[in-house]
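Taking it in order: structure first as structure tokens, then the write-up.
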2 protein chains.
Amino acid sequence: MERVMTTERTTAETLAKTLRDAIIRFSRRVRQARPVGDLTFSQLSALTSLQLAGALTPRELADMERVQPPTMTKIVGKLEERGLVARTPHPTDGRQVILAATDEGRAVYAFNERARNEWLAVELERLTPEERETLARAAEIMQRVARG
Amino acid sequence: MERVMTTERTTAETLAKTLRDAIIRFSRRVRQARPVGDLTFSQLSALTSLQLAGALTPRELADMERVQPPTMTKIVGKLEERGLVARTPHPTDGRQVILAATDEGRAVYAFNERARNEWLAVELERLTPEERETLARAAEIMQRVARG
DNA sequence: CCATGCTCATTAGCTAAGCTAAGGACCGTG
DNA sequence: CACGGTCCTTAGCTTAGCTAATGAGCATGG
């Protein structure tokens with residue numbers, strides 16, 4: 001029992017390091033392939049959450065995206081500058097605002113949903129179906145871990 | 001054939017989005033769990049590469065880490081401030097320097113190799129062996145994709 | 001030996017995004 | 001009404017990503 005736990009622990013630690021390294025390299029590579037002017041990871045992720053949820057308060061969006069509210073204020077500020085997100089007063093609470101994707105934001109979201117020229121999608125296309133399946137499963141596991 | 005390719009393309013695009021979302025959430029979560037004062041992802045990754053390679057020029061390290069040289073200059077500067085990395089003149093080229101981990105840097109690396117209290121390692125320990133295997137395989141695939 | 005083109009690392013300047021602390025407006029409750 | 005709590009934003013700081021520029025140094029050809 002002690003030996004089994006030690007083995008699992010060693011495996012988990014090695015995996016933690018391996019995963020961290022892989023993610024940082026992968027993320028950098030994807031970022032480098034992003035055309036200048038396109039939305040950043042954080043912006044696109046926020047827009048996606050907004051689109052899927054319909055409308056959210058900044059607090060809700062920050063929680064969903066796993067950042068603190070001031071960070072989300074900044075990200076949303078950028079999206080708003082680009083006309084992709086709009087704010088309206090909250091119906092019942094004067095402290096709050098409601099964020100929602102604009103028509104243009106929805107168009108950008110839809111475009112990203114089917115970005116045929118995107119470097120990452122092209123690279124993933126070159127993997128075997130098994131490898132893609134592995135990545136899909138890993139993504140699901142990571143989302144679960146991130147939710148805590 | 002056309003249908004198969006369309007299916008693969010759709011799958012790859014969906015996977016690209018899924019993977020991006022998972023990675024950004026996961027990365028943020030791991031970052032939030034990092035004790036104040038610990039090395040950042042980028043710093044730890046650079047230190048790891050240095051440790052494993054023994055010694056590198058800034059250019060080599062930047063290439064290995066997939067960033068531009070000025071970025072690596074900054075990251076290394078931080079590591080140097082903390083006494084984890086040292087510079088020596090290049091033996092034959094006056095333009096270059098050699099970077100290597102210090103004794104302290106090696107100790108930090110070794111500590112991170114077996115960080116038993118690290119949040120991520122603890123979380124990974126709670127997964128099934130199959131799930132860990134999936135993540136390990138995914139990490140390998142991501143490294144390969146990142147190398148291009 | 002000299003001129004030239006190239007390479008190296010760094011600095012400068014900018015952007016983005018992460019955090020905590022603080023401030024002001026607003027809400028809910030006793 | 002007073003108070004405690006919540007909301008979003010601003011302020012201030014850090015880290016890290018990029019491109020452009022700079023000055024030192026190297027390699028090569030004449």
Side-chain angles (χ1 to χ4, degrees), chain A residues 20 23-47 55-63 65-82 85-99 146, chain B residues 20 23-47 55-82 84-99 146:
Chain A
R20 249 186 341 233
I23 283 177
I24 197 171
R25 302 273 168 79
F26 184 79
S27 299
R28 283 168 171 163
R29 186 68 186 81
V30 176
R31 187 186 301 122
Q32 285 159 7
R34 177 168 63 91
V36 172
D38 277 15
L39 296 185
T40 63
F41 261 29
S42 300
Q43 291 162 4
L44 188 54
S45 189
L47 183 62
L56 294 163
T57 66
R59 173 94 230 183
E60 287 167 338
L61 184 55
D63 286 347
E65 290 288 297
R66 311 251 133 224
V67 297
Q68 299 301 310
T71 306
M72 190 46 72
T73 297
K74 271 191 198 171
I75 295 170
V76 167
K78 290 289 170 194
L79 292 173
E80 203 177 1
E81 272 171 33
R82 298 174 68 139
V85 166
R87 299 163 180 274
T88 51
H90 194 278
T92 60
D93 187 335
R95 298 165 299 185
Q96 304 197 44
V97 297
I98 301 285
L99 306 172
Chain B
R20 251 187 340 235
I23 285 177
I24 198 170
R25 303 275 169 79
F26 184 81
S27 299
R28 283 169 173 165
R29 185 66 186 85
V30 175
R31 186 186 300 123
Q32 285 161 6
R34 178 170 63 89
V36 173
D38 277 14
L39 295 185
T40 63
F41 262 27
S42 300
Q43 292 164 2
L44 188 54
S45 188
L47 183 62
L56 293 163
T57 66
R59 172 93 231 182
E60 287 167 338
L61 184 56
D63 288 346
M64 187 175 290
E65 291 289 298
R66 311 252 134 226
V67 298
Q68 300 300 311
T71 305
M72 189 47 72
T73 296
K74 272 192 197 170
I75 295 171
V76 165
K78 289 289 169 191
L79 291 173
E80 203 176 0
E81 272 172 30
R82 298 174 65 140
L84 307 183
V85 166
R87 298 164 180 274
T88 51
H90 194 277
T92 60
D93 187 337
R95 300 165 298 183
Q96 304 197 44
V97 297
I98 301 283
L99 307 172

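By convention in this document, chain letters (A, B, ...) are assigned in the order of the sequence lines, proteins followed by strands, and residues within each chain are numbered from 1. Just the heavy atoms: all of them, side chains too, but no hydrogens, waters or symmetry mates, feed the values below. Just so we're clear, the structure is a prediction, and the values are computed from it rather than from any experiment.
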Heavy atoms under 4.0 Å, any strand shown: does A:T40 hit a base, just sugar-phosphate, or nothing?
sugar-phosphate

Does the B:S27 side chain pair with the main chain of B:I23, one donor and one acceptor, at a distance under 3.5 Å?
yes

Rounded to whole angstroms, how far apart are CG on B:L99 and C1' on C:dT10?
13 Å

5'-most contact on DNA chain D: A:R28 or A:D93, nearest heavy atom basis?
A:D93

Given D:dA16, is OP1 or OP2 found less than 4.0 Å from the side-chain N or O atoms of B:T71?
no

Which nucleotide in C:dG18, D:dC18, C:dT10 has an atom nearest any side-chain atom of A:Q32:
D:dC18

Show your working on side-chain contact (heavy atoms from CB on, under 4.5 Å) between B:L39 and B:L84 and close with a plain yes or no.
CA-CA 11 Å; B:L39 295 185; B:L84 307 183; 3.8 Å; yes

Atom CZ of A:F41 and atom CZ of B:R25: how far apart are they, to the nearest 0.5 Å?
12.5 Å

Using whole Å, report how far NZ of B:K74 lies from C1' of C:dG13.
9 Å

Looking at every strand, decide which applies to A:T92 at a 4.0 Å heavy-atom threshold: base, sugar-phosphate, or nothing.
sugar-phosphate

Residue met sooner reading DNA chain C from 5', once A:V67 and B:P58 are mapped to nucleotides:
B:P58

Rounding to a whole Å, what distance do you find between A:F41:CZ and C:dA16:C1'?
14 Å

Kindly point out which of D:dC18, C:dC19, C:dA9 is positioned nearest to the side chain of A:Q68?
C:dC19

Out of C:dT11, D:dG17, C:dA17, whichever nucleotide has its closest atom nearest the side chain of A:R31
D:dG17

Separation of B:R29 atom CZ from C:dG18 atom C1', in whole Å?
15 Å

Atom CD of A:E65 to atom P of C:dC19: distance rounded to whole Å?
12 Å

Gap between atoms CG and C1', on B:L79 and D:dT15 respectively (whole Å):
12 Å

Base, sugar-phosphate, or nothing for A:P70, non-hydrogen atoms under 4.0 angstrom?
base

Between B:K78 and A:P69, who's closer to the 5' end of DNA chain D by nearest nucleotide?
A:P69

Between B:V85 and B:E80, what is the shortest heavy-atom contact and its length?
O-CG, 3.4 Å

Base, sugar-phosphate, or nothing: which does A:R34 touch, judged by heavy atoms less than 4.0 Å apart?
nothing

With respect to the side chain of A:S42, which nucleotide from C:dG18, C:dC19, C:dA9 is positioned closest?
C:dG18

Below the 4.0 Å mark, does C:dT10 have OP1 or OP2 next to a side-chain nitrogen or oxygen of B:T73?
yes

Using a heavy-atom cut-off of under 4.0 Å over every strand shown, decide if B:S27 touches base, sugar-phosphate, or nothing.
nothing

Is a donor-acceptor contact shorter than 3.5 angstrom present between the side chain of B:R95 and the base of C:dC8?
no

Among B:M64, B:E60, B:E65, B:R59, which residue meets the side-chain contact (heavy atoms from CB on, under 4.5 Å) test with B:M72?
B:E65

Quick one: B:E80 CD to C:dA9 P, roughly how many Å, whole number?
14 Å

Taken to the nearest whole Å, CD1/B:I75 to C1'/D:dA16 is 6 Å

Nearest to the B:Q43 side chain among C:dA9, D:dT15, D:dG25, which nucleotide is it?
D:dT15

Indicate whether the side chain of B:R28 and that of A:S42 have a donor and an acceptor atom separated by less than 3.5 Å.
yes

